[in-house]
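The block underneath contains the structure these notes are about, expressed in structure tokens.
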Amino acid sequence: MKYFFLFISAFTFAQQTKSVDFKTVNGHIAIDPNSKSVNGDVTYTFEVLKPIDTIKIDAQNMTFSKVELNHKNISFATNGKELLLIYPFQKGKNSVQFSYEAKPKQTIYFVGSEATDNLQIWTQGQGKYTSHWFPSFDDVNEKVIFNMEITFDSNYQVISNGVLKSKSEDKNNTHWKYQMQKPMSSYLLMLAIGKYDKTILKAKSGIPLELYLDPKDVSRHEPTYRYSKEIFDYLEKEIGVKYPWKIYRQVPVSEFLYAGMENTSSTLFANRYVVDNIGFEDRSYTNVNAHELAHQWFGDLVTAKSGKDHWLQEGFATYYALLAERSIYGDDYFYSKLYESSLQLKQASKTDTIPVLNAKASSLSFYQKGAWALHVLREGIGEEPFIKAVRNYLKKYSYQNVTTQNFFDEIKKVSDYDLVNFSKIWLESPEFNSNIANELLAKNNTMKVQLEVVKLRNKPLVEKYNLFEKTLQSEVYFTAKEAIVGQLFKEKFEDKKHLLLLGMQTQNIQVRQAVASTLQKIPEEFRAEYETLLDDKSYQTQELALYNLWNNFPNKRNDYLTKTKDWIGFNDFNLRILWLSLAVSTPEYASNKETYIQELVDYSSTKYEATTRQNALEYLLNFNIINEAILKNLVNATTHHMWQFSKFGRDNIRILLKNPEIRSTFQTILPNLNEKEQFQLDRLLKE
């Protein structure tokens, strides 16, 4: 029977969206963090447009009961991927009700635990499909009005899409009822559960802006959400179409797969962007903030019909995010970021043969080249016509799916710009047109200087020395000065000493950081100057400076470690982990090395996020500090949902297994691991 229904799925349902239009869904679900399961009751309303005998709802590995059509039992089947409703459907309005249970393998993530008081549950539908935790539609062209009621432990906040209509307690649980007013694609359905404090701002247009934070991070609220209201107000005005949803939320979550995700009305973003004032200098949420907000229009309000037109989402969000940053940081910042992306695209085009208008295009193409296309188009047709065309495009196709041609049709109404040639150059060719890009960049004085500096990169230092000296002493934007420092890397110290001093004297964090990373071998005569980097208000600079100074001046190690013993760094403890690694590796420093090793091992355990764990494990392995606890933590890394960390674990285990003694230790710990860990390690041992 299974194969019969798989055949039906492939043959019949390609045309389902033409025969059936799903309108609304009411979901009432409960989540069990112990069994990592979801169960609930679901009601869909839909209209049959043409007679059809089977309707599908995407549902990965779910079990169903009480399936009713218009409150009467109906035949149904499942094939592991879909719920199949079998009935001679005729034209007209209907509703289907059912109960379901699921133990999702992906898309919904359970992080931390109740026992350690750091439990978070969150979803990521794009690219992984919401149908793993809620019966819905993997086809982005099926848009539905979602209304969700979620039951969970009253000690936690529960966040979903839309307006919170009601919240009622029942014994130890709370029922959270969220409602949307307009339809959206299923991949934008979200859920976040955790312990949060909430701050509410109001946009100029009156939209409530809810900003969430873990209570332990309350002191980081201002730098984390700096410019949030300004970004919202700017984008609403610049885009020219009122924010399309009733509320906007931003929620940081642990172990997130990406930088952020633009779920309709409720953005999730990675915990790494929760920063203090110093962290803001190196790891600001500003761009991600603006990017995900821009998606509320481009992606959520209008959604690309297929992967081929994905740039209509990512290119537009990248374009508007940079405009928002321009309004905050100014023109020099704007052009420097454009230049940075132009270099990436130029380099990538040497090997990347897939153009923007292709579902298999790279993220760099969809995001950055798509954005460049819009900057060039805006220059070509003029600012006012561009804004008008975008406004008309959004209004005409609100809550619908779109193609590139739909956007072009609106451009044609305001301009006779050659869109055929434009499309060939920017969307259909894998090349990056540096000539057109440089013409746009040359509008900015900093870029003129920077492009001049770049032209000199292969010239002897003596021929460009005067220009470099003059530029480092000028008021030009810091990126031009960074470019100069970058060209000094291979020069003899005596030849570049004065220029490095000028770079340090700029008192610009980024230029000084460039010096810190460029000068890994530090002469004694430059030591005192380099030591001033330890006091820079930048955790990245401090990390570079401490490591390089420790490495270059063994006789000063105790002094450096004493000065920096209270450093913590970002919320991934980058400075603390470095300090512990250096302290353990400095024979004459302190007597309680076992305490330091234990703290370092602790950072590599499941108590912390993947970025913290990987950082700790890298230092432990690099300094050849290996014991059973470290090896167990490394094996656990192979089971993590973040593929980068999982790969890190596997790659390092493969290297360690070449050592017979360590291989024997791995074999010893194997029986004491959990099932997932045993599976991964056993597989690696057999390679």
Side-chain angles (χ1 to χ4, degrees), residues 111-112 118 120 122 192 194-199 201 209-232 248-262 267-293 321-322 324-325 327-329 333 337 478 508-514 516-517 533-546 564 566-579 603 607-616 642 644:
V111 177
N118 63 346
Q120 286 188 355
W122 48 263
K195 292 186 176 179
Y196 289 105
D197 281 343
K198 177 176 69 175
T199 302
L201 305 177
L209 310 177
E210 293 187 355
L211 312 176
Y212 290 78
L213 268 187
D214 187 308
K216 73 177 181 349
D217 293 321
V218 68
S219 65
R220 300 182 179 199
H221 180 275
E222 191 283 323
T224 298
Y225 286 116
R226 190 173 293 169
Y227 306 124
S228 287
K229 182 181 181 302
E230 290 88 337
I231 291 168
F232 190 97
Y248 186 55
R249 301 183 186 87
Q250 297 183 79
V251 189
V253 294
S254 298
E255 310 277 28
F256 198 52
L257 294 162
Y258 309 107
M261 176 61 200
E262 69 279 9
T267 284
L268 297 183
F269 66 95
N271 204 42
R272 70 188 301 271
Y273 293 108
V274 176
V275 294
D276 59 17
N277 279 313
I278 296 175
F280 181 86
E281 294 298 330
D282 295 310
R283 198 183 281 182
S284 158
Y285 172 54
T286 309
N287 181 266
V288 177
N289 189 341
H291 183 98
E292 306 309 336
L293 176 56
L322 190 55
E325 286 190 292
S327 73
I328 295 165
Y329 300 125
Y333 177 93
K337 286 298 180 183
F478 74 85
N508 177 275
I509 284 174
Q510 288 87 353
V511 177
R512 287 170 61 86
Q513 192 173 105
S517 58
L533 291 164
L534 293 173
D535 297 317
D536 277 22
K537 300 297 184 186
S538 159
Y539 294 138
Q540 284 184 13
T541 302
Q542 290 177 324
E543 185 174 5
L544 278 166
L546 176 57
T564 60
D566 296 324
W567 280 7
I568 300 296
F570 296 111
N571 60 7
D572 58 12
F573 305 94
N574 68 312
L575 295 182
R576 182 61 182 168
I577 288 170
L578 171 61
W579 187 92
Y603 283 125
K607 294 178 189 175
Y608 295 93
E609 289 199 49
T611 50
T612 302
R613 295 173 63 190
Q614 182 167 328
N615 195 18
M642 295 179 74
Q644 299 95 329

[X] to [Y] - nearest heavy-atom pair and separation:
| X | Y | value |
| --- | --- | --- |
| Lys229 | Leu201 | CB-CD1, 4.3 Å |
| Ala610 | Met642 | CB-SD, 3.9 Å |
| Arg249 | Glu210 | NE-OE1, 3.0 Å |
| Asn574 | Gly569 | OD1-CA, 3.3 Å |
| Ile509 | Ser538 | CG2-CB, 3.8 Å |
| Glu262 | Thr267 | CA-OG1, 3.8 Å |

Under the salt bridge (Lys or Arg N to Asp or Glu O under 4.0 Å) rule, collect the residues that match up with Glu255, sequence neighbours excluded.
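Per chain and number, Glu255 pairs via salt bridge (Lys or Arg N to Asp or Glu O under 4.0 Å) with no residue.
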How long is the gap from [atom1] on [X] to [atom2] on [Y], to the nearest 0.5 Å?
| X | Y | atom1 | atom2 | answer |
| --- | --- | --- | --- | --- |
| Tyr196 | Leu211 | OH | CG | 13.0 Å |
| Ile577 | Thr612 | CD1 | OG1 | 5.5 Å |
| Phe570 | Ile278 | CZ | CD1 | 9.5 Å |
| Asn508 | Asp536 | CG | CG | 9.5 Å |
| Gln540 | Glu281 | CD | CD | 11.0 Å |
| Phe269 | His291 | CZ | NE2 | 14.5 Å |

For Arg512 and Thr541, what are the C-alpha separation, side-chain angles and deciding distance, and is it a side chain to side chain contact (heavy atoms under 4.5 Å, CB included)?
CA-CA 8 Å; Arg512 287 170 61 86; Thr541 302; 5.5 Å; no
Are the side chain of [X] and the backbone N or O of [Y] linked by a donor-acceptor pair below 3.5 Å?
| X | Y | answer |
| --- | --- | --- |
| Gln542 | Leu534 | yes |
| Tyr225 | Tyr212 | yes |
| Trp122 | Pro252 | no |

As a test of understanding, state which of Leu209, Leu293, Asn289 forms a side chain to side chain contact (heavy atoms under 4.5 Å, CB included) with Gln250.
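Testing each of Leu209, Leu293, Asn289 against Gln250, the sole residue satisfying side chain to side chain contact (heavy atoms under 4.5 Å, CB included) is Asn289.
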Please say which of Thr199, Val251, Val274 ends up in a side chain to side chain contact (heavy atoms under 4.5 Å, CB included) with Leu213.
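Exactly one option meets the side chain to side chain contact (heavy atoms under 4.5 Å, CB included) with Leu213, and it is Val274.
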pair Asn277-Arg226: side-chain heavy atoms closer than 4.5 Å
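They are in contact (side-chain heavy atoms under 4.5 Å apart), so the answer is yes.
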Close side-chain approach of Asn571 and Lys216, heavy atoms under 4.5 Å
no
Side chain to side chain contact (heavy atoms under 4.5 Å, CB included) assessment of Tyr603 paired with Arg576:
CA-CA 10 Å; Tyr603 283 125; Arg576 182 61 182 168; 3.5 Å; yes
Could you check Met261 against Phe256 for side chain to side chain contact (heavy atoms under 4.5 Å, CB included), going step by step and ending with a plain yes or no?
CA-CA 9 Å; Met261 176 61 200; Phe256 198 52; 3.7 Å; yes
Can you list the steps and then say if Leu575 with Leu546 is a side chain to side chain contact (heavy atoms under 4.5 Å, CB included)?
CA-CA 9 Å; Leu575 295 182; Leu546 176 57; 5.9 Å; no
side-chain contact (heavy atoms from CB on, under 4.5 Å) against Thr286, all qualifying residues, sequence neighbours excluded:
Tyr227, Ile231, Phe280, Ser284, Glu325, Ile328, Tyr329
Would the number of heavy atoms belonging to other residues, nucleotides or ligands and lying under 6.0 Å from NZ of Lys195 be above 12?
yes
Is a side-chain donor-acceptor pair under 3.5 Å present for Asp282 with Gln513?
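Indeed, the side chains of Gln513 and Asp282 share at least one donor-acceptor pair under 3.5 Å.
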Do you see a donor-acceptor pair shorter than 3.5 Å between the side chains of Tyr539 and Asp572?
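On atom types as modelled, these side chains do not qualify, holding no pair under 3.5 Å.
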Parallel, tilted or perpendicular: which one describes the rings of Phe232 and Tyr248, with boundaries at 30° and 60°?
tilted
